[in-house]
Amino acid sequence: MILKKIAAVMIVVGICAQFILFAAVILRRECALRYGELCRFETAPVDPFDAFRGQYVQLDYKALTGGVVTDRSFTRNTWCYLLIAPDTNGYAVVASVTDKRPASGCYIKARVQWSSEDYQPKPEPDNKYHTVKTGKWRVHFLLPFSRYYMPEKLAPKAEDAYRRANRSAAAKAERALARVRVWKGMAVIEDIEINGKPIRVCIDEALKKEP
Amino acid sequence: MNHVQYLLQELKVWTEEGLLDAETSGKIASRYAQEQNRSSSWSRIILGSLGALLIGLGVIALLAANWDALSRPVRTMIAFLPLTACVLAYAIAWKKAWTSRGFFEPLGIFWSISIGAGISLIAQTYNISGDPESFVLSWTLLLLPILYATQAVVPCVGYFAGLLSWACMSQYSNGITVLYWPFALLALPALLAIRSGAPGSIRLGLIVWGAALCSTAALGVSLEKTLPGLWMIIYAGAFAALLLAGTAYEPSEAPILQTPLRTLGGCGLAVVLYLLIYDWPWKEVGWDHYHASSEYNPLFAYFDYALACLLPILAGFLLLVANRKSPITLQNGIRGIPLYVPWGIAPVIVAAAYIMASKNNDLFIPALTMMIYLGGLGLATLAQGLLDRSMRLVNAGVLIAIAIILGKFFSSEIGFTVKGIAFICSGICFFLVNMFVGRYLKREEDV
């Protein structure tokens with residue numbers, strides 16, 4: 001009898017949990033897309049061997065690549081809040097990192113991958129570079145917005161466009177940006193822009209040019 | 001024509017010939033007709049499950065092909081569709097009090113796939129980066145209501161396999177792998193319900209096999225291993241507990257498929273004890289070699305200590321329970337001690353050897369103790385096999401004895417020619433024992 005009662009509770013609670021979890025994930029992201037603040041992150045080149053896994057483009061951001069410099073270290077796997085602010089060009093950068101949820105402002109919740117002491121190269125008279133500790137810490141994060149899903153056929157084209165825009169020589173001519181909506185710590189990619197155009201438009205144009 | 005159809009056909013002939021009266025014939029026919037129905041339902045279950053799997057994969061492929069053409073709200077709706085369909089199907093089955101396994105097994109598969117598909121579709125729609133660890137854990141935990149609702153094999157085994165996969169990933173990323181156990185306990189009432197509803201069934205056997213295999217593997221993953229060598233006591237305790245639980249609760253004369261606890265416990269214990277006859281497991285064990293680096297969490301080490309104490313105690317308790325089923329009868333001398341007793345006390349012997357090794361930093365005595373103990377177990381198994389006329393036990397006993405001889409022989413410095421001859425001689429011994437015991441048992445049966 002008790003087993004039947006436990007089973008009934010598990011079934012009812014479990015089925016409700018299935019729907020609630022799905023709905024919660026969707027609603028939070030819909031809220032971010034509708035009411036979130038628009039942040040434009042400059043993208044950075046990624047490791048070519050890790051750039052494509054299936055049907056998504058692996059993204060990296062100039063504001064975060066190489067880690068964020070902070071005054072203190074953060075423990076691995078803990079959650080932190082990255083306060084986002086625009087730089088002089090209007091692109092989003094990380095202004096500061098805190099382990100307490102900010103009361104206001106634009107911030108993203110992210111998990112710490114690792115943190116290490118910060119070093120800076122110090123030119124020596126013999127032209128050999130040495131590094132010195134800066135007294136600060138460099139924190140790397142697992143970003144919740146590092147994938148952009150594409151249809152299987154368009155994905156390789158998107159990859160080409162993304163790489164071209166991020167190549168150092170072409171970077172000045174072409175610029176890849178991620179339009180990210182940020183709402184209460186939640187960050188959702190709205191689109192990827194290459195030279196101000198959505199990535200899908202760029203791919204369509206490239207496909208039309210192809211013989 | 002299967003054996004049941006043949007029997008029913010013969011039954012008619014026997015009744016016509018007057019060998020059986022109509023009433024007895026009717027009783028036999030109804031009994032075997034039920035069995036035939038059961039066997040046909042298994043074919044229906046397998047075909048139905050295959051159908052559910054193909055439909056599930058087909059729906060996902062169709063959606064994936066047209067995914068880009070659909071708007072975000074439509075995609076979101078689609079992510080919910082398979083899940084809603086499964087819940088509705090279950091609600092109808094519950095309302096109409098359906099009990100057919102041919103319905104619930106395919107539903108379990110389709111429902112499980114629909115959860116994974118739903119998570120993936122939502123992740124794609126909103127470009128969620130989520131790591132594989134959280135994906136596997138979310139999918140696995142959402143299987144819980146399915147295994148309670150359908151009591152089907154795939155969600156039940158999938159739940160434990162999912163938890164094991166998560167534990168492996170979590171161990172790699174320094175996560176809290178001990179959480180495997182509370183999560184696994186959440187499925188325990190479902191397993192007990194299946195056992196009370198269909199005791200000794202193949203379905204129960206498959207589910208318990210899956211759960212026991214995953215859990216014994218997860219045991220190794222979730223240990224913190226701060227105290228070197230403690231795994232020996234933990235694994236000996238775990239396998240002894242499985243063996244004794246199988247002896248106490250599983251049917252005595254059932255095939256391997258329906259005796260997962262006894263089979264896995266016996267085989268696992270034999271393997272662990274076999275490893276301990278060598279020197280290497282006893283090197284640098286005990287508190288003198290405690291791992292105190294930052295890689296190890298001293299808090300989670302308490303889980304290891306708790307297991308090392310509780311599992312031998314559990315084995316002791318199960319020994320008493322098994323004793324109720326087949327009691328020790330000391331009037332018959334050594335013959336009156338059932339085989340589960342010498343096997344069941346393995347954690348105590350291993351613990352004693354462990355204390356010896358950790359105190360004296362001696363490798364030889366513990367390894368020798370284990371070799372004598374395992375050799376004794378092999379002989380006891382062989383003797384019990386002969387007494388019970390069980391070829392399975394005779395072969396197990398001979399295999400243990402040969403494994404010890406060959407293992408020790410091969411680790412020595414003797415040349416390959418001698419080793420090769422020893423191998424051949426052991427093989428011949430194995431064949432001869434099989435042949436003579438087989439003949440002896442046949443002659444006994446004939447008499």
Side-chain angles (χ1 to χ4, degrees), chain A residues 1-30 32-33 54-59 75-77 110-111 113-114 142-155 178 180-181 186-192 200, chain B residues 64-69 72-73 75-77 79-80 83-84 86-87 90-91 94 111 114-115 118-131 133-134 138-139 141-151 170 173-176 186-197 294:
Chain A
M1 197 60 198
I2 192 151
L3 284 178
K4 278 190 179 174
K5 277 185 186 170
I6 293 172
V9 170
M10 291 300 275
I11 292 166
V12 174
V13 172
I15 289 174
C16 291
Q18 288 179 342
F19 282 98
I20 290 169
L21 197 101
F22 277 28
V25 172
I26 291 166
L27 281 175
R28 287 190 69 203
R29 275 150 187 92
E30 277 298 329
L33 286 169
Q55 295 173 299
Y56 66 87
V57 185
Q58 181 77 40
L59 302 169
T75 316
R76 193 184 167 190
N77 279 339
R111 205 159 70 170
Q113 207 168 12
W114 79 86
L142 279 166
L143 282 181
F145 55 106
S146 58
R147 289 182 185 188
Y148 186 73
Y149 286 91
M150 297 285 292
E152 204 169 357
K153 283 183 183 170
L154 298 184
V180 178
R181 290 275 176 186
M186 165 81 56
V188 181
I189 300 175
E190 196 175 56
D191 207 349
I192 304 290
R200 277 160 203 265
Chain B
N66 300 295
W67 198 238
D68 204 41
R72 205 170 67 225
R75 290 187 205 182
T76 311
M77 290 281 287
F80 274 101
L83 174 63
T84 314
C86 291
V87 173
Y90 173 69
W94 179 75
W111 200 343
S114 74
I115 294 288
I119 298 172
S120 306
L121 294 178
I122 293 169
Q124 276 204 9
T125 306
Y126 293 97
N127 295 307
I128 300 171
S129 304
D131 52 309
E133 200 181 315
S134 50
S138 318
W139 189 359
L141 289 181
L142 290 178
L143 290 182
L144 255 183
I146 306 172
L147 69 94
Y148 274 94
T150 64
Q151 300 192 345
S170 181
S173 62
N174 272 0
I176 308 168
L186 288 175
L188 190 65
L191 299 190
L192 293 175
I194 296 167
R195 187 178 178 270
S196 68
S294 61

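A, B, ... follow the sequence lines: proteins, then strands. Residue 1 opens every chain. Quick note: numbers below take in every heavy atom, side chains included, and nothing from hydrogens, waters or symmetry partners.
Interface remark: A:Ala32 contributes no atoms to any contact with chain B (heavy atom separation under 4.5 Å). Residue contact with chain A, scored on non-hydrogen atoms closer than 4.5 Å, involves the backbone and the side chain of B:Ile128 alike. Looking at B:Trp94, neither its backbone nor its side chain comes within 4.5 Å of chain A, counting heavy atoms on both sides. Neither the backbone nor the side chain of B:Leu141 comes within contact range of chain A, judged by heavy atoms closer than 4.5 Å. Heavy atoms closer than 4.5 Å to chain A are found in the side chain of B:Ile122, but not in its backbone. Looking at A:Leu142, there are no atoms closer than 4.5 Å to chain B (heavy atoms on both sides), in backbone or side chain. Of the atoms belonging to B:Thr125, not a single heavy atom falls under 4.5 Å from chain A. Interface remark: B:Ala190 contributes no atoms to any contact with chain A (heavy atom separation under 4.5 Å). With a threshold of 4.5 angstrom between heavy atoms, A:Leu21 approaches chain B through side-chain atoms but not through N, CA, C or O.
Of the candidates B:Leu144, B:Thr84, B:Leu83, B:Leu83 is the only one forming a side-chain contact (heavy atoms from CB on, under 4.5 Å) with A:Gln18.
Side-chain atoms of A:Asn77 come within 3.5 Å of backbone N or O of B:Ser173 as a donor-acceptor pair. A distance-only check finds a donor-acceptor pair linking the side chain of B:Ser196 to the backbone of B:Ala193 [under 3.5 Å].
The two atoms that bring A:Arg76 and A:Gln113 nearest to each other are CG-O, 3.0 Å, heavy atoms only.
Relative ring orientation between A:Phe19 and B:Phe80 is described as parallel, the plane-to-plane angle staying below 30° on a 0-90° scale split at 30° and 60°.
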